[in-house]
**Q** 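Handing you this structure, nothing more for now.
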Amino acid sequence: MEKTPSYFVTREAPARISAMSKDTKLIVVVRDPVTRAISDYTQTLSKRPDIPTFESLTFKNRSTGLIDTSWSAIQIGIYAKHLEHWLRHFPVGQMLFVSGERLISDPAGELGRVQDFLGLKRIITDKHFYFNKTKGFPCLKKAEGSSKPHCLGKTKGRTHPEIDREVVQRLREFYRPFNLKFYQMTGHDFGWD
Ligand SMILES: Nc1ncnc2c1ncn2[C@@H]1O[C@H](COP(=O)(O)OS(=O)(=O)O)[C@@H](OP(=O)(O)O)[C@H]1O
């Protein structure tokens, strides 16, 4: 198993992985591209607090509402475009699209889909998780090889900055057609609209 979020958006990745093994099973975790962009920005902001605001980076021209699609935080969320490249090398049935939202609201359910896809027995179930109120996320009751509970680290589940509602709205409009295309391509409505 190998993972990195950037594979999905790296042009060379599908051909390279296919050359390595055509039978590779591919799992992609996707979340609402607007929240994803804000999350991406929050991560950069934590490392470089002096960057411009999310609102100013979003637009090429704020008065015309023209979105800067060259900004990686925006680019990465155009899932349908990235998926097109993968479907030139892999059948869609060899890919599993995991909902980032459901991974939080129902981790065992989503991991059930992952286990089925991999042809594994459903070992991970509801009984492995609890909701940690302080963290605001599901955590493991017992970490692997330990009897102690385990939550993901501080870099997962950061508080996002408040973003101008109109900017969020404009981004929702921007992504809508790409999201619909993505739902068609995957046969799965992620409910982002
Ligand atoms: N159980 C649990 N605990 C904490 N966080 C959780 C969990 N499940 C999903 N998430 C979401 O994972 C997001 C971080 O994952 P990333 O894909 O950004 O991580 S990374 O790019 O691989 O570093 C992170 O995004 P942010 O909330 O924007 O920080 C979380 O929303």
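If you're wondering where the values come from, they're calculated on a predicted model, not measured in any experiment. Order of listing sets the numbers, starting from 1, for every ligand and every atom in it. Atoms considered below: every heavy atom in the structure, side chains included; atoms not considered: hydrogens, waters and symmetry mates.
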**Q** By side-chain contact (heavy atoms from CB on, under 4.5 Å), which residues pair with Ser146, not counting sequence neighbours?
**A**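 With sequence neighbours excluded, Ser146 shows a side-chain contact (heavy atoms from CB on, under 4.5 Å) to Ala143, Lys148, given in chain and number order.
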
**Q** Could you give the N/O to N/O pairs under 3.5 Å linking ligand 1 and the protein, each with its distance?
**A**
from, atom 1, to, atom 2, distance (Å)
ligand 1, 1 (N), Pro138, O, 2.9
ligand 1, 19 (O), Lys156, NZ, 2.8
ligand 1, 22 (O), Lys156, NZ, 3.4
ligand 1, 23 (O), Lys156, NZ, 2.6
ligand 1, 25 (O), Arg31, NH1, 3.0
ligand 1, 28 (O), Arg31, NH1, 3.3
ligand 1, 28 (O), Ser39, OG, 2.5
ligand 1, 28 (O), His160, NE2, 2.6
ligand 1, 29 (O), Gly157, N, 2.8
ligand 1, 29 (O), Arg158, N, 3.0

**Q** Can you list the residues that meet the side chain to side chain donor-acceptor pair (under 3.5 Å) rule with Asp23, with sequence neighbours excluded?
**A**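 So Asp23 forms no side chain to side chain donor-acceptor pair (under 3.5 Å) with any residue.
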
**Q** Would you call Arg176 and Glu173 a salt bridge, using N to O less than 4.0 angstrom?
**A**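 Looking at Arg176 and Glu173, the cut-off is not met.
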
**Q** Could you pull out all residues at least two apart from Leu152 that satisfy side-chain contact (heavy atoms from CB on, under 4.5 Å)?
**A**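 Here the qualifying residues are Lys156.
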
**Q** Taking atom NZ of Lys142 as the centre, does the number of heavy atoms from other residues, nucleotides or ligands within less than 6.0 Å exceed 12?
**A**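 No, the 6.0 Å shell around NZ holds no more than 12 heavy atoms from other groups.
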
**Q** Just wondering, more than 12 heavy atoms not from Lys25 lying within 6.0 Å of its NZ?
**A**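 Yes, because the 6.0 Å sphere around NZ of Lys25 holds more than 12 heavy atoms from other groups.
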
